[in-house]
2 protein chains.
Amino acid sequence: MVVTIADVARAAGVSPSTVSYVLSGKRSISEGTRRRVERSIRELGYHPNAGARALASSRTNVLALVAPLRADVNVPVVMQFVGGVVTRARAHDHDVLLLTEDEGPDGLRRVAGSALADAVIVMDVEAAEPRLPVLRSLPLPAVLIGVPDEPHGLACVDLDFTAAGAACVGHLAELGHRAIALVGPSPAVYARGTSYAGRFLRGFRAAVAQRAVRAAERPCPPSYDGLRACLDDVLGQGVTALVVHNEAVLGPLLPELARRGLRVPEDISVLAVCPADMAEFQAVPLSSVDIPSAELGGLAVELAMSAAPPARVRLLPPRLTSRASTAPPRTATPLPSS
Amino acid sequence: MVVTIADVARAAGVSPSTVSYVLSGKRSISEGTRRRVERSIRELGYHPNAGARALASSRTNVLALVAPLRADVNVPVVMQFVGGVVTRARAHDHDVLLLTEDEGPDGLRRVAGSALADAVIVMDVEAAEPRLPVLRSLPLPAVLIGVPDEPHGLACVDLDFTAAGAACVGHLAELGHRAIALVGPSPAVYARGTSYAGRFLRGFRAAVAQRAVRAAERPCPPSYDGLRACLDDVLGQGVTALVVHNEAVLGPLLPELARRGLRVPEDISVLAVCPADMAEFQAVPLSSVDIPSAELGGLAVELAMSAAPPARVRLLPPRLTSRASTAPPRTATPLPSS
DNA sequence: CTGAAAGCGCTTACAG
DNA sequence: CTGAAAGCGCTTACAG
């Protein structure tokens, strides 16, 4: 019913092993036979049986990806990341097996034990990541997205959120802002100990301490009321610029500022940390530090492809793009006259 | 290095075939041996080799899912759907192989030819779906999410968007609204011929024709300016209620209405078509027709699990939840005094 | 209730 | 440059 390597061999008048070698390129084949074999493959529509191949070669050509499919994550970022992983994996002739975090460490053991994949990529890593021991003991390469507190022995990639936090402060300080506010991720993100939130905050604080800048910080729940309360607090402190590290509130933010009679960037500057397309989609195109999700996904695949990924933390430098939402503050003095 | 069925058999003092039968339950095993085998499996941490199992049994325990990983789809809906698929698949002891639409029909042929999966689920089906012929010729069960114009011979599941369109009109008409507007999906969605957009519109129009209701229709691009233009047009026609079938503009919608001095629902009613949690997240919780993505994903898996899924269109009835954003219109006459 | 053995479709030393 | 054959780790008739 389905075409096998024996069918192709028969059609091409060679042995099955020759067909196999044509496919793998692991030994030189005479021009003529190679062509006949390739022709037969094409004509018969032959695809090697994945199970048989995996069994014989101990390689599955499958990459396992553990993704957070919950609602409380940055959904577009996750999607772009997954897209980057699948695209790059296909470029390496690999497929992607999608796992949920629900299975926890056992899921990783199962995938490794069943020889379902050649490598595993784990998203949404927490600072105190509970899957670290399993990951280290796995007989296959693992790549983490995010940086746990103790990454020893594991390959990690991520945006350099520490540098991103500092870059945000730097950009605003150089424009002349002296009082800024960080509208941070949801309290739930901090509570979970998600690694990027803490790193961004650290970079932000360090840069604030280094410059003559005053800064307020507020986590912001992903709701309209949450945003409103957050702005009430923060704007009450007379800031002239907002750093928004929370994509969920990005949509309503500009309309809400407008409702308050604040023009961007004339009355207040806004600097976002989010995917580039999201920044461009706003009423006023936002200056932003890009979260290069698809690129990170591709990079993770590249690392996962090597038999032994370098057990070190690889951080992508942040790129800040100045768009229409940031400008020098209206007054030299940061505090509005009351 | 890795535990095989022979290791388990040796440890339990039985033959490999007995271990296999304990695992599959395909023949009765004496209480005692079963317990010894299960114990050995547990102690050794045995997981059957997926490739070997697939080769011997012609079943992979893998489901292929073709998902749209582009930016121009409803990202949260896709994520929830994928989550529903993975969760339900795991409940059936299956894993999910994630494919992009980029590969097109060839990707489906490849997966079937390589025996990578036992069934395939295809999301984001268009009215004139180009993958239909391949799907029909595939030697494995296929389930479509969405309803192409010619679904003959294929299993389809989706929300009944036609009924949803009608339900929206019905809800507003019963509240007393006589002039309503449909803020539709992005022009790109219509251009692609995505099946749900047309069906919703059909149901909407049919219900409008049946009732003493006047209706405006506008596709709405996923940008702030697009929304603004759309509202300019539609509000200019004196409508008292909005049906919003476009999650991308849901975030900025309420703030923008507020900016225009329109209170919801006092001055204007808003009825959304979107996932329930998204409706609840707004400044005013929105009355809505739920898009039950996760449930649809689960249903698709159930169908895909059967050797021959019923080749018919399965439509889930829409559920309209009345929240705070819909109310009777202020005046009995639909047109505001000018 | 259980075991010995064939066979699934490949890959890869081993031989020539 | 090519082929014959062993073997990967399971499942499942076939036997008893």
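Throughout, a chain's letter reflects where its sequence line sits, starting with A, and its residues are numbered from 1. This structure is a prediction, so every number in the text was calculated from the model and none was measured.
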List for me each residue that meets side chain to side chain donor-acceptor pair (under 3.5 Å) alongside Thr100(B), sequence neighbours excluded, and say none if there are none. none
Quick check: do Arg53(B) and Arg59(B) have side-chain heavy atoms less than 4.5 Å from each other? no
According to salt bridge (charged side-chain N to carboxylate O under 4.0 Å, His left out), does anything in residues 147-160 of chain A pair up with another residue at least two apart or in another chain? List the pairs. Asp158(A)-Arg199(A)
Interface limits on DNA chain C, where chain A has a heavy atom under 4.0 Å of a nucleotide atom: dG9(C) to dC14(C)
Any residue in residues 26-36 of chain B with a heavy atom nearer than 4.0 angstrom to DNA chain C? Just list them by number, or reply none. Arg27(B), Ser28(B), Ile29(B), Ser30(B), Thr33(B)
Where along residues 37-55 of chain B does a heavy atom fall under 4.0 Å from DNA chain C? Leu55(B)
Answer yes or no: is there a side-chain heavy-atom contact under 4.5 Å between Val134(A) and Leu138(A)? yes
For the pair Glu103(B) and Arg90(A), evaluate salt bridge (charged side-chain N to carboxylate O under 4.0 Å, His left out) and give the outcome as yes or no after the intermediate values. CA-CA 9 Å; Glu103(B) 285 193 82; Arg90(A) 287 302 307 140; 3.2 Å; yes
More than 12 non-hydrogen atoms from neighbouring residues, nucleotides or ligands closer than 6.0 Å to CZ on Arg39(A), yes or no? no
Which residue pairs satisfy the salt bridge (charged side-chain N to carboxylate O under 4.0 Å, His left out) criterion with at least one member in residues 14-29 of chain B, sequence neighbours excluded? none
What residues from residues 13-20 of chain A pass a heavy-atom cutoff of under 4.0 Å to DNA chain C? Ser17(A), Ser20(A)
Does anything in residues 295-310 of chain A pair up under salt bridge (charged side-chain N to carboxylate O under 4.0 Å, His left out), and if so which pairs, sequence neighbours excluded? Arg88(A)-Glu302(A), Glu295(A)-Arg319(A)
List the residues meeting side chain to side chain donor-acceptor pair (under 3.5 Å) with Asp95(B), not counting sequence neighbours, and say none if there are none. Arg110(A)
Once side-chain contact (heavy atoms from CB on, under 4.5 Å) is applied, do any residues pair with Pro16(A), and if so which ones, sequence neighbours excluded? Ile5(A), Ala9(A)
Counting C-beta onward and ignoring hydrogens, is there a side-chain heavy-atom pair between Val122(B) and Val143(B) closer than 4.5 Å? no
Using 4.0 Å as the upper bound for N to carboxylate O, is an ion pair formed by Arg42(A) and Glu38(A)? no
Any chance you could encode DNA chain D as dot-bracket? Rule is Watson-Crick or G-U wobble with both distances under 3.5 Å; [ ] for pairs crossing earlier ones, | for another strand. |||.||||||||.|||
Heavy-atom nearest pair, Arg136(A) first then Pro151(A), reads NH2-C, 4.1 Å
Do Ser17(A) and Ser20(A) get their side chains close enough for a donor-acceptor pair, meaning under 3.5 Å? no
Residues 10-24 of chain B vs salt bridge (charged side-chain N to carboxylate O under 4.0 Å, His left out), sequence neighbours excluded, gives Asp7(B)-Arg10(B)
